[in-house]
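Right, one structure below, let's go through it.
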Number of protein chains: 2
Amino acid sequence: MGRRKLVRDLLREKQADLTASERKLAAVLQDGQLVPGLQSITKLAESAEVSTPTIVRLARKLGFDGFNDLQDAIRSDVADAMKQPLAKLDPGGPMPGGDHMLSRFVTAVSDNINRTLERLDTAAFDRVAGVLADPSRRLHLLGGRITRSNAAYFFNHLQIIRPGVTLLDSAPSVWPQALLDIDGGAVLIVFDIRRYEKGLEKLATLARGQGAEIVLFTDIWGSPIERHADHTFRAMVEVPSAWDSTLALNLLIEALIAEVQARRSDSSAQRIAALEDMIGESRIFRSGQGAAD
Amino acid sequence: MGRRKLVRDLLREKQADLTASERKLAAVLQDGQLVPGLQSITKLAESAEVSTPTIVRLARKLGFDGFNDLQDAIRSDVADAMKQPLAKLDPGGPMPGGDHMLSRFVTAVSDNINRTLERLDTAAFDRVAGVLADPSRRLHLLGGRITRSNAAYFFNHLQIIRPGVTLLDSAPSVWPQALLDIDGGAVLIVFDIRRYEKGLEKLATLARGQGAEIVLFTDIWGSPIERHADHTFRAMVEVPSAWDSTLALNLLIEALIAEVQARRSDSSAQRIAALEDMIGESRIFRSGQGAAD
DNA sequence: ATTTTTCTGTAATCTTTGTTTCAGCCCGAT
DNA sequence: ATCGGGCTGAAACAAAGATTACAGAAAAAT
């Protein structure tokens with residue numbers, strides 16, 4: 001389908017054919033990057049100090065049906081100009097067959113990531129990173145049925161970077177004990193995407209009641225925990241699948257890990273060195289059970 | 001003169017207070033950089049699949065007089081945004097756009113995914129999906145220190161989709177027992193990225209010796225297990241961080257889940273229904289332990 | 001100076017819009 | 001099972017919108 005000409009270009013091309021007041025109008029449109037054309041015809045007429053019929057006539061001269069038609073075109077042009085993807089994942093698809101699962105998946109994921117980031121408040125991100133990097137705050141991570149592995153991933157890294165990190169067991173029966181440790185200085189990091197789990201909300205509420213700070217990772221539909229959360233990260237999760245995708249969520253997690261690591265690089269370097277040592281040591285332990293060498 | 005808050009920021013701030021359909025609307029606005037909000041209220045309502053009163057209610061919640069007032073604000077915001085073609089990352093952010101952690105991270109991740117897919121053999125992907133979708137094959141998942149949560153994520157889904165899926169414990173001491181179950185028809189799915197772990201290779205070798213098929217997820221440098229693997233997926237993992245990123249790996253996992261699910265949708269539907277039932281039932285179990293409701 | 005042509009805005013019209021009211025609905029609590 | 005509270009959209013309405021027809025004004029041609 002041959003793409004319609006840009007309104008901007010139309011204005012330039014037809015400029016010669018325009019009458020005085022039409023030109024006045026065109027100038028106003030061009031000055032404002034067409035945006036003034038998104039007002040009502042009345043307001044636009046006032047801005048340009050012309051009458052409304054003049055506007056209709058210009059629209060017709062440009063080849064449109066009427067003002068509404070012109071405005072639709074302008075809106076479409078503006079929308080195109082506004083969207084400049086932060087990072088363009090290749091949606092053309094890496095493989096020729098556009099309908100392969102992978103291809104569709106990547107398109108969806110690329111979309112999810114872009115949209116998630118558009119919605120993200122970098123200031124909030126930094127604030128949370130600050131909290132997570134503070135070794136005086138105890139961190140407790142909690143995930144739902146599916147998101148538990150995301151929590152675990154986060155936990156794996158945080159635990160190496162800093163002290164005082166706990167992964168709450170998936171069995172709700174042990175949560176009450178865990179609550180004992182959650183007090184004023186504590187931070188509860190919860191993952192809750194649909195289908196939202198009652199138990200998570202309950203625990204978050206209780207933790208909140210004890211003065212804990214709540215960091216929530218959820219989807220855009222909004223977990224009920226949002227109400228109690230001090231910080232909320234919302235990720236897009238929809239993909240062409242029966243399941244939701246936690247990739248955008250994982251991106252946030254990894255970025256947070258990187259940021260927290262960066263903020264504590266000096267102190268965590270020692271921890272990591274110590275860990276490497278212990279891993280080395282553990283070869284000795286392991287040698288008894290199969291991995292001989 | 002104190003500048004009015006940006007509509008975009010208002011949407012983010014108030015998100016927690018919004019109802020379901022208001023959120024749907026907010027999502028449409030955010031996705032389109034607010035531009036959809038420049039249509040008439042009727043058209044906008046159709047785009048977002050909500051009613052016009054919902055739009056008015058959202059406008060009021062954001063602190064505007066009504067839709068027209070909101071639209072004026074949007075038009076003004078859009079006009080501002082059009083003037084600066086390249087201010088993409090949040091101006092509220094503390095640092096100039098390009099060097100925020102998120103920005104650099106996303107660039108790297110986008111790169112990783114693209115390059116991972118370039119290297120990927122779709123035919124191999126389909127072959128593996130076929131194997132994983134075959135209920136007669138027993139599946140055993142195994143991850144390393146970091147990748148264990150990726151294995152767990154994969155496991156969570158596979159287990160729901162089909163029978164005969166096992167997640168091998170992280171403790172090497174119990175692996176010998178697990179090996180008893182791994183025989184000719186079995187499939188071992190191993191995750192091994194740097195730093196490659198000796199134990200994983202050992203287990204893979206042994207499993208292979210017993211006739212198991214090995215599916216390996218690794219990075220492009222190549223785990224030593226590649227030698228023994230029947231299928232290898234190589235993902236790019238480098239990001240501006242002290243840690244590697246498993247996002248590209250996760251993408252493959254999720255795509256595989258989707259594909260396997262699609263191939264077994266008929267039979268897995270029953271499983272999922274049964275699961276939903278059991279989740280419903282479990283409310284009864286749960287009611288006794290603190291989550292009194 | 002008169003006529004013709006072209007341009008422009010006023011006023012009347014018909015359409016669409018934005019707002020309000022209200023009843024049904026779903027969901028959670030009792 | 002029943003009740004209440006909040007959410008949602010259908011319908012009715014007043015307000016504003018866009019369009020048309022027409023007449024006065026300005027410029028060009030004779």
Side-chain angles (χ1 to χ4, degrees), chain A residues 14-29 36-75 194-202 204-205 221-228, chain B residues 14-29 36-75 279-280 283-284 286-287 291-293:
Chain A
K14 307 270 181 178
Q15 180 117 21
D17 302 340
L18 301 186
T19 69
S21 58
E22 282 164 358
R23 245 170 246 183
K24 206 154 63 161
L25 171 57
V28 169
L29 288 177
L38 295 170
Q39 298 168 293
S40 75
I41 196 174
T42 319
K43 304 274 174 57
L44 174 57
E46 282 167 13
S47 311
E49 296 178 314
V50 299
S51 66
T52 56
T54 297
I55 297 178
V56 177
R57 285 189 283 261
L58 175 63
R60 300 251 159 87
K61 269 196 186 168
L62 296 181
F64 296 99
D65 236 32
F67 175 69
N68 280 327
D69 195 23
L70 165 64
Q71 194 172 58
D72 285 346
I74 291 179
R75 198 178 302 111
R194 70 176 178 193
R195 328 170 20 140
Y196 311 111
E197 294 172 45
K198 259 276 154 50
L200 299 180
E201 187 188 0
K202 193 70 193 173
T205 317
W221 297 289
S223 145
I225 302 179
E226 276 194 20
R227 254 182 277 277
H228 318 296
Chain B
K14 307 272 182 180
Q15 181 121 20
D17 302 336
L18 302 186
T19 68
S21 57
E22 282 165 357
R23 258 182 217 150
K24 204 154 65 163
L25 172 59
V28 168
L29 289 177
L38 295 170
Q39 298 167 296
S40 75
I41 195 173
T42 318
K43 303 275 174 55
L44 174 56
E46 282 166 14
S47 312
E49 295 179 315
V50 299
S51 65
T52 55
T54 297
I55 298 178
V56 176
R57 284 188 283 260
L58 175 63
R60 301 249 158 90
K61 269 196 187 169
L62 296 182
F64 296 98
D65 239 30
F67 176 70
N68 279 326
D69 194 23
L70 165 64
Q71 194 173 57
D72 286 346
I74 290 179
R75 197 177 303 111
I279 290 174
R283 285 208 186 142
I284 300 167
R286 233 184 296 155
S287 64
D293 60 19

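Chain A is the first sequence line, chain B the second, and so forth, proteins listed ahead of strands; every chain is numbered from 1.
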To the nearest angstrom, how far is [X] atom [atom1] from [N] atom [atom2]?
X	N	atom1	atom2	answer
A:F64	D:dT19	CZ	C1'	18 Å
B:I74	C:dG18	CD1	P	12 Å
A:D65	D:dT20	CG	P	9 Å
A:E49	C:dT10	CD	P	13 Å
B:I41	C:dT20	CD1	C1'	12 Å
B:L44	C:dG18	CG	P	9 Å
B:D72	D:dA16	CG	P	13 Å
A:R60	C:dT8	CZ	P	16 Å

For [X] and [Y], which heavy atoms make the closest approach, and how far apart are they?
X	Y	value
A:T205	A:H228	OG1-NE2, 3.6 Å
A:Q71	A:G37	NE2-O, 3.0 Å
A:A45	A:T52	CB-CG2, 3.8 Å
A:A26	A:L18	CB-CD1, 4.1 Å

### Query
Within the structure shown, what part of the strands sits under 4.0 Å from B:S21 by heavy-atom distance: base, sugar-phosphate, or nothing?
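B:S21: backbone/sugar contact only, no base atoms under 4.0 Å.
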### Task
For A:K61 and A:T19, run side-chain contact (heavy atoms from CB on, under 4.5 Å): C-alpha distance rounded to whole Å, both residues' side-chain angles, the deciding distance at 0.1 Å, then the answer.
CA-CA 11 Å; A:K61 269 196 186 168; A:T19 69; 3.6 Å; yes
Is any side-chain N or O of [X] closer than 4.0 Å to OP1 or OP2 of [N]?
X	N	answer
B:S40	C:dT17	yes
A:R57	C:dT6	no
A:T19	C:dT8	yes

### Query
Roughly how bent is the helix from C:dA1-D:dT30 to C:dT30-D:dA1 end to end, in steps of 10 degrees, with each end axis from five pairs?
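Nearest ten degrees gives 20° for this helix.
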Which nucleotide in the list [options] gets nearest to the side chain of [X]?
X	options	answer
B:Q71	C:dT20, C:dT10, C:dG18	C:dG18
A:T54	C:dG9, D:dT19, D:dT8	C:dG9
A:N68	C:dT10, D:dT19, C:dT19	D:dT19
A:S51	D:dT8, C:dG9, C:dT19	C:dG9
B:A20	D:dT8, C:dT17, D:dG9	D:dT8
B:T42	C:dG18, C:dA11, C:dT19	C:dG18

### Message
Can a donor-acceptor pair be found, under 3.5 Å and without considering hydrogens, that links the side chain of B:E22 to the backbone of B:T54?
### Response
no
#### Entry: Backbone of B:V50 reached by a side-chain donor or acceptor of B:K24 within 3.5 Å
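Such a contact is absent between B:K24 side chain and B:V50 backbone.
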### Message
I'd like to know if A:E226 pairs up with B:R23 as an ion pair, taking the criterion as any Lys NZ or Arg NE/NH1/NH2 lying under 4.0 Å from an Asp or Glu carboxylate oxygen.
### Response
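B:R23 and A:E226: salt-bridged.
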